[in-house]
Each structure stands twice: as structure tokens, then as C-alpha cells.
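We're numbering straight along the sequence, starting at 1. FYI, side chains are in, hydrogens and waters are out, and symmetry mates aren't considered; it's all heavy atoms of this structure.
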Amino acid sequence: MHNQQFFRWHYLLAILLVTIGLSSCGLKMRQAIVLPYNTIFIGGAITQELRINLNRYLSAGTNARMVSTPKDADLLIMLNETNGKQILSYNNLGQVTAYRLITQITFYVNNKEGDELIPSADLFLTRDMDFSVSAPTAAEALEVLLVSDMRQDIVSQIVRRLATLQSKKPVVTPVQ
């Protein structure tokens with residue numbers, strides 16, 4: 001009986017120490033972003049997968065709702081996506097053994113009055129992948145997975161930049 005109390009006391013002490021450790025390291029749950037805008041429009045030349053991911057994240061992670069036309073939006077996010085692939089290496093038979101996947105996103109954010117809230121910025125992501133001539137289907141599946149991962153990364157970076165709009169004033173460009 002005394003042994004069980006000893007283990008229970010150590011168990012509770014371990015839980016307490018882990019809780020204190022996690023709270024002191026700054027770990028906290030991601031909270032919804034409160035934007036000073038009620039509606040968001042996403043436009044530009046992007047893949048359907050990126051559009052869906054961004055729509056889903058903004059719908060669930062912000063107070064704003066997504067709209068399908070720019071005239072109904074308080075906030076306009078304009079994006080241009082470019083994807084590519086570079087050969088990194090060959091084997092001794094001249095067959096490709098590695099690729100670099102590249103995704104570049106250029107985007108800017110304006111309010112409905114046309115004021116620039118986030119100036120045009122480039123996000124540039126790469127992932128290197130091995131390629132096996134003997135398993136091309138597996139390589140294709142890996143490529144799809146890596147590209148999807150890059151798009152998730154892009155969504156996270158855009159949302160982090162949108163979070164700065166909570167306290168940001170529009171950038172005024174001087175007329176020349």
C-alpha cells in the first residue's frame with residue numbers, strides 16, 4: 001500500500017513538472033486570428049489545391065468569411081503561383097536520380113478601397129527528392145506529397161502575414 005502511494009505521488013509530481021515546463025517554454029495553442037475585415041476574396045493565378053487550402057484555413061482560423069467576388073470583399077488577397085522542377089543529379093547511365101521541386105508565390109493584400117496593406121512579396125519554397133527509375137509510381141506519389149506540403153507551408157506563411165493586419169495601417173504611396 002505504501003508503495004502505491006509513493007508511485008502515485010511521483011506520478012502527480014511528474015505531471016506537475018511537465019505542465020510547468022510546457023507553460024514556461026511559451027507553448028500555447030494556435031488561436032483564431034481576429035482581422036479588422038469581415039469578408040475576404042482570394043484571386044489570382046493559383047492551383048485549385050492552394051485555393052482550397054487557403055479558403056479552408058482562413059474560414060476556420062479567422063473571424064472573416066470568404067466571398068466569391070472582389071466587389072463583396074473588405075480584403076483582397078491576390079496571388080500568382082509558379083511551380084517547377086529542376087534536375088539535381090544523374091546516375092552513371094545518364095538517368096535522373098534527384099529533383100528539386102520549386103514553388104514561388106507572389107502575393108499582395110489590399111483593402112476594398114485599394115489601399116495596399118501588404119506590399120507585393122515573394123514566397124519561394126523548394127523540396128529535394130530522390131527519384132528511382134525502377135519505382136516511378138512511388139516517385140510520383142512522393143512528388144505529390146512534397147508539393148502538397150509546400151502549399152501547406154505557403155498557407156501558413158500567408159496567414160502569419162495576415163495576422164499582422166490586426167494593428168496595421170494601409171501603406172500610402174506618394175503620387176508622383
- prompt: Any side-chain heavy atom of I77 sitting closer than 4.5 Å to one from I40?
  reply: yes

Are any non-hydrogen side-chain atoms of R65 and S59 less than 4.5 angstrom apart? no

To the nearest 0.5 Å, atom OG1 of T82 lies from atom CD of Q104 at 5.5 Å

Are L79 and I158 packed together at the side-chain level, in the sense that at least one heavy-atom pair is separated by less than 4.5 angstrom? yes

Exercise. Are I52 and I105 in one and the same hydrophobic cluster, where Ile, Leu, Val, Met, Phe, Trp and Tyr link if side-chain heavy atoms are under 4.5 Å apart?
Worked result: no

Separation between CG (L123) and CD (Q157), nearest 0.5 Å, reads 5.0 Å

T106-D122 side chain donor-acceptor pair, cut-off 3.5 Å:
yes

Taking the side chain as every heavy atom from C-beta outward, state whether R127 and E143 have any pair of such atoms under 4.5 Å apart.
no

query: Is there a side-chain contact between L117 and N110 (heavy atoms, below 4.5 Å)?
result: no

Query - Y90 vs V96 side-chain heavy atoms within contact, under 4.5 Å - result: yes

Path from Y57 to V147 over hydrophobic side-chain contacts below 4.5 Å = yes

Between the CG atom in L146 and the CG atom in D153, the distance rounded to the nearest 0.5 Å is 11.5 Å

### Joint hydrophobic cluster, L76 plus I118, side-chain heavy atoms closer than 4.5 Å
no

Residues joined to F124 in its hydrophobic cluster, side chain to side chain under 4.5 Å directly or through other members, sorted by chain and number, are I102

*Would a 4.5 Å heavy-atom cut-off, applied to side chains only, mark L50 and Q152 as touching?*
no

Review point. Would a distance-only check, ignoring hydrogens and angles, find a side-chain to backbone donor-acceptor pair under 3.5 Å from T39 to D74?
Key: yes

Would a single hydrophobic cluster contain both I42 and Y108, if residues Ile, Leu, Val, Met, Phe, Trp and Tyr are joined by side-chain heavy-atom contacts under 4.5 Å? no

By ring pair (Phe, Tyr, Trp, His ring centres under 6.0 Å), Y99 pairs with (sequence neighbours left out) F131

Problem set entry | Hydrophobic cluster identity match, L101 and L142, side-chain contacts under 4.5 Å | yes

Shortest non-hydrogen pair, N83 vs E81, comes out as ND2-OE2, 3.3 Å

When T103, L125, T47, I46 are each screened for side-chain contact (heavy atoms from CB on, under 4.5 Å) with R151, the one that passes is T47

One should read off an interatomic distance between L54 CG and E49 CD, to the nearest 0.5 angstrom, of 12.0 Å

Tightest non-hydrogen contact, residues G44 and M78, listed as N-CE, 3.9 Å

Taken in chain and number order and not counting sequence neighbours, the residues that satisfy ring pair (Phe, Tyr, Trp, His ring centres under 6.0 Å) with F41 are none

Taken to the nearest 0.5 Å, the spacing of R51 CZ from N53 CG works out to 12.0 Å

The reported gap from CE in M150 to CG in L145 (rounded to nearest 0.5 angstrom) is 10.5 Å

- Answer yes or no: is there a side-chain heavy-atom contact under 4.5 Å between L162 and L58? yes

